[in-house]
Amino acid sequence: MDGVPTVSVLLPLAVDGPYTYRVPNGVTLSPGDIVRVPLGPREIIGAVWDDVPDGSVGHNRLRPVAHRYDAPPLDPTIRKFVDWVANYTLTPRGMVLRMVLRAPGALEAEHDIEAVMLSGKPPERMTDARRRVLEQAGDGAPWSRAALAAAAGVSPGVVSGLVEQGSLTLVHLPPTPVALPPDPDHAPPRFDDGQSEAAAEMRRIADAGLFGVTLIDGITGSGKTEVYFEAVAETLRRGRQALILLPEIALTTDFLDRFARRFGERPAEWHSEVPPRQRERTWRAVAAGTVKAVVGARSALFLPFPELGLVIVDEEHDSAYKQEEGVTYNARDMAVVRGHLGSFPVILSSATPSIESRVNADQGRYRRIELTSRFAAAKLPEIRAVDMRVHPPERGFFLSPVLVQAMEATLAAKSQSLLFLNRRGYAPLTLCRHCGHRFQCPNCSSWLVEHRYRGQLVCHHCGHHEARPERCPACGTEDSLVACGPGVERIAEEVAQRFPEARCTVLSSDMLGGVPKMRAELETIRSGGTDIVIGTQLVAKGHNFPLLALVGVVDADLGLAQGDPRAAERTFQLLAQVTGRAGRAGGDSQALLQTYAPDHPVIAAIASGDREAFYAREIEARRTAGLPPFGRLAGIVISAAERASAQAYAMVLRRAAPEEGPAMVLGPSEAPLAVLRGRHRFRLLVRAPRGFDLQDFLRSWLAAAPPPRGNVRVQVDIDPQSFL
DNA sequence: CCCAAAGGCCTT
DNA sequence: AGGCCTTTGGGT
């Protein structure tokens with residue numbers, strides 16, 4: 001019945017299968033080609049896919065492909081990757097393709113840049129302004145009109161005038177490259193004994209170019225970055241592309257400069273702050289294979305590299321690798337998958353590896369490289385745990401006398417202190433002194449956090465906020481509301497009171513002024529423009545504070561009390577990262593852990609520097625509790641209309657009962673019950689034995705009795721290796 | 001009984 | 001994604 005040539009085209013929509021289109025006469029299309037096709041009333045971009053076109057749609061209903069873009073096709077590896085990720089995360093393939101085709105403008109050819117050059121012909125009438133322009137252009141190099149006008153200190157009109165006169169000629173230049181090729185041999189560092197062995201191993205791994213996962217487990221300041229740069233160098237020597245993933249917040253100019261010092265050029269960048277034009281150009285250059293090194297946030301994993309030969313996942317433990325909106329995936333795990341599909345090595349790096357990577361390394365599934373010593377000048381900080389039952393703060397204050405004394409000494413020595421408290425706002429709870437009323441979020445039943453600076457009570461789960469009232473809404477008493485507990489704002493207040501002469505900076509994600517303001521504050525800290533830094537977990541994320549001599553952790557055991565399987569692990573990682581910031585420059589570094597429970601394993605591990613003990617205990621604790629140390633953790637996310645959510649939740653709880661099958665409910669939720677933009681979301685952790693096809697089970701389970709309303713999405717959290 | 005809002009379904 | 005159709009619950 002054939003004769004009509006057809007192709008499968010996958011569209012970046014919430015559709016799982018490709019649609020079939022007619023191939024116009026004289027056109028040849030192959031899998032990976034990027035095309036424009038009609039869909040309903042409009043045309044959209046899609047990619048020719050590998051599926052055999054299905055004949056279920058009548059030939060008379062098939063519409064023709066409208067256009068084939070003159071762009072590099074998506075290579076087979078990324079097509080397989082899209083299919084794999086879609087299958088694994090139980091999302092329609094089109095949704096995953098959408099993450100690949102996220103720079104639609106990249107498909108149009110780039111325009112040349114217009115520039116002007118000295119022609120040698122003098123203008124009919126010379127003026128002062130014109131002379132300055134001509135002098136400036138005297139170097140013979142092409143200038144953009146705007147840049148030349150600015151350099152000569154004249155208005156752009158003067159430049160245009162000279163173009164009309166013929167004194168300047170218009171030239172068209174190819175666009176400046178997104179990134180110049182990095183040079184693997186630009187500035188190889190000198191390594192000490194422990195490092196040079198690791199560096200050689202990196203080179204071997206990259207040179208062999210085979211799939212395998214390596215965990216670089218090295219304490220802060222041990223030179224992990226320099227070591228994995230060796231793998232990048234070797235990959236570049238082999239002419240293949242390298243991708244370095246970082247949590248978005250750690251993607252600073254600092255890191256790019258570091259790369260440039262090693263390789264002579266900055267890498268291409270890929271993250272949400274890159275402006276659209278630049279994104280498109282980067283996408284195209286990556287697809288064309290002209291960009292050899294990319295440093296990016298998790299979404300960079302979906303760039304269409306044709307020659308990818310290495311992926312590095314730095315700070316692999318960081319939860320920012322988990323995308324929770326749309327397609328739910330963990331970029332660290334998907335990097336491992338991409339390496340497997342593309343047959344190239346993947347390197348995970350962290351000072352505080354996740355439990356699952358730890359266990360994978362322990363079991364020999366991942367290779368492990370340990371870096372245990374710091375660079376020559378840097379000493380490990382001295383860490384003291386302060387029991388606040390023994391050294392309580394004065395009434396109405398939150399800092400213990402031990403910490404205050406240490407701060408005084410640091411201040412006297414003209415050094416910098418950092419106070420870390422993982423709590424935004426002024427106070428985590430507000431209550432009425434008269435009737436005991438507590439301010440709760442109307443949506444999520446969590447306490448409202450007072451933000452005194454903004455004059456509001458804010459829910460940290462759903463973003464709900466209300467003005468702080470004058471009187472208690474329950475009993476009507478005036479001036480009866482009291483703030484309970486500290487947040488960073490309240491600590492800043494205490495610091496201002498205790499050290500009125502000290503310069504103080506607060507770093508918090510809700511800081512007004514956004515990213516630029518944040519950059520400025522970080523620069524102030526680096527340059528010594530502040531004496532005391534007070535910050536939330538932001539300060540644990542890869543920023544360098546070279547002048548820091550003291551770290552005080554306020555409420556170190558905060559976060560341990562949450563009924564969350566990862567509470568201990570997360571607290572350990574956070575505290576280890578924060579205290580690791582101290583002493584990077586050597587000198588009298590000291591870290592204080594202030595806590596009510598100095599005998600807690602997490603804090604004991606930090607205070608004694610015994611990471612091994614912590615990991616061993618944590619892995620064992622999970623084993624005895626029946627929690628998977630790693631393995632196939634899946635979460636069921638229900639997102640449903642508010643009115644039906646309780647019903648759906650109850651149903652999933654019922655269905656997830658152990659007797660129903662090999663899946664079982666592990667905890668109420670990794671994240672607390674949350675309300676996001678009017679939609680309730682619940683998450684359950686589910687475990688299944690190794691070798692059991694959890695995906696398939698969940699799929700049929702949901703098909704057998706679909707939820708009455710809303711949709712249920714299954715999110716697999718950990719360890720894709722068992723599927724490979 | 002009417003209506004706005006939210007959710008679901010379809011596009012080849 | 002975006003347009004259209006259905007369901008739902010609040011209001012009269």
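Order of the sequence lines fixes the chain letters, A, B, ..., with proteins taken first and strands second; residue numbering starts at 1 for each chain. None of the values given here were measured: they were computed from a predicted structure.
Residue Glu43(A) contributes atom CD, which lies 18 Å from atom P of dT11(B) at whole-angstrom precision. The separation between Arg36(A) atom CZ and dA1(C) atom C1' is 16 Å, rounded to whole Å. For the pair Ile44(A) CD1 and dC10(B) P, the computed distance is 17 Å after rounding to whole Å. Atom-to-atom, CG of Leu39(A) to C1' of dC10(B) comes out at 9 Å; the value is rounded to the nearest Å. For Asp16(A) and dT11(B), the CG to C1' distance is 15 Å, given to the nearest whole Å. Atom CG in Leu13(A) sits roughly 8 Å away from atom C1' in dT11(B) (whole-Å rounding). Remark: P of dT11(B) and CG of Leu62(A) are 13 Å apart, rounded to the nearest angstrom.
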Item to check | side-chain contact (heavy atoms from CB on, under 4.5 Å) between Ile78(A) and Arg338(A), intermediate numbers included | outcome: CA-CA 8 Å; Ile78(A) 198 170; Arg338(A) 195 151 185 199; 3.8 Å; yes
Checklist entry - Under the side chain to side chain donor-acceptor pair (under 3.5 Å) criterion, do Glu269(A) and Thr282(A) qualify, and how do the steps go? => result CA-CA 8 Å; Glu269(A) 280 177 75; Thr282(A) 305; over 6 Å; no
Item to check | Residues Tyr329(A), Phe302(A); criterion ring-ring contact (aromatic ring centres under 6.0 Å, His included); working and verdict | outcome: CA-CA 12 Å; Tyr329(A) 67 94; Phe302(A) 291 89; 5.2 Å; yes
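Classification of the Tyr21(A)-Tyr19(A) ring pair by plane angle, with boundaries at 30° and 60°, yields tilted.
With sequence neighbours excluded, the residues forming a side chain to side chain contact (heavy atoms under 4.5 Å, CB included) with Ser509(A) are Arg424(A), Leu538(A), listed by chain and number.
Using a 4.0 Å heavy-atom cutoff across all strands shown, Val15(A) reaches at least one base atom of the nucleic acid.
Heavy-atom contacts from other residues, nucleotides or ligands closer than 6.0 Å to NE2 of His437(A) number more than 12.
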Please tabulate the protein-to-nucleotide N/O contacts below 3.5 Å involving nucleotides 2-4 of chain C, giving atom names and distances.
residue	atom	partner	partner atom	Å
dG2(C)	O4'	Arg42(A)	NH1	3.1

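Using the Watson-Crick or G-U wobble rule with both distances under 3.5 Å, dT12(B) pairs with nothing in any strand shown.
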